[in-house]
Amino acid sequence: MSRKTAEGKPIVTCPHCNREVVWSTESAWRPFCSKRCKMIDLGAWADESHRIAGEPAMDEANLDSLIDQLERGGGSNK
C-alpha cells in the first residue's frame, strides 16, 4: 500500500538514498530528494552503470551486411 501525506499527496522513496519524498509540484527533484541524488543517478546512466536489460543495439558497421543479406532473400522472417 502506498503512503500519503495528510493532504493526500503520495510519498515515494528517493531511488538513490531511500529518503521519503512527497510527490508534488513543490518537490522540484522528484522522485529524487535533491539535485545531488538526481545528478548521481544521471552519472550512473552516463557511465553505463545503469542499463536496461536486452540485446545490444545493432552496430552500424553490420548494417551493410544485413541489407545485403536481406536483398539476397536471406532474411529469417520468411
Side-chain angles (χ1 to χ4, degrees):
M1 182 166 37
S2 62
R3 295 192 36 191
K4 295 192 178 211
T5 65
E7 297 83 28
K9 295 179 182 177
I11 297 174
V12 297
T13 303
C14 176
H16 180 70
C17 71
N18 296 321
R19 286 187 189 149
E20 291 186 340
V21 180
V22 176
W23 188 273
S24 72
T25 55
E26 291 85 33
S27 302
W29 308 109
R30 67 184 186 277
F32 302 97
C33 66
S34 65
K35 183 177 181 179
R36 178 183 178 274
C37 283
K38 183 177 182 176
M39 296 310 290
I40 290 170
D41 186 75
L42 178 61
W45 283 102
D47 75 6
E48 297 183 359
S49 295
H50 290 327
R51 294 185 194 107
I52 297 174
E55 293 184 28
M58 182 188 305
D59 185 4
E60 288 185 25
N62 298 332
L63 191 56
D64 288 333
S65 64
L66 179 62
I67 291 171
D68 289 342
Q69 181 182 5
L70 291 172
E71 287 176 346
R72 288 192 306 265
S76 59
N77 292 338
K78 283 189 155 187

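These numbers were taken from a predicted model, which means no experiment stands behind them.
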Item checked: Qualifying residue for side-chain contact (heavy atoms from CB on, under 4.5 Å) with Cys33, from Cys14, Pro15, Ser27 ->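 That would be Cys14.
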Next item on the list: Mind checking side chain to side chain contact (heavy atoms under 4.5 Å, CB included) for Pro10 and listing every partner two or more places apart, or none if nothing turns up?
Entry: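 Pro10 satisfies side chain to side chain contact (heavy atoms under 4.5 Å, CB included) with Trp23 only.
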[atom1]/[X] to [atom2]/[Y] distance, rounded to the nearest 0.5 angstrom?
{"X": "Arg19", "Y": "Thr13", "atom1": "CZ", "atom2": "OG1", "result": "12.5 Å"}
{"X": "Ser65", "Y": "Leu70", "atom1": "OG", "atom2": "CG", "result": "9.5 Å"}
{"X": "Glu71", "Y": "Leu66", "atom1": "CD", "atom2": "CG", "result": "10.0 Å"}

Check: For residues 22-41, which residue pairs qualify under salt bridge (charged side-chain N to carboxylate O under 4.0 Å, His left out), counting only residues two or more places apart or in two chains?
Finding: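 As it turns out, the salt bridge (charged side-chain N to carboxylate O under 4.0 Å, His left out) pairs with a partner in residues 22-41, which skip direct neighbours, are Lys9-Glu26.
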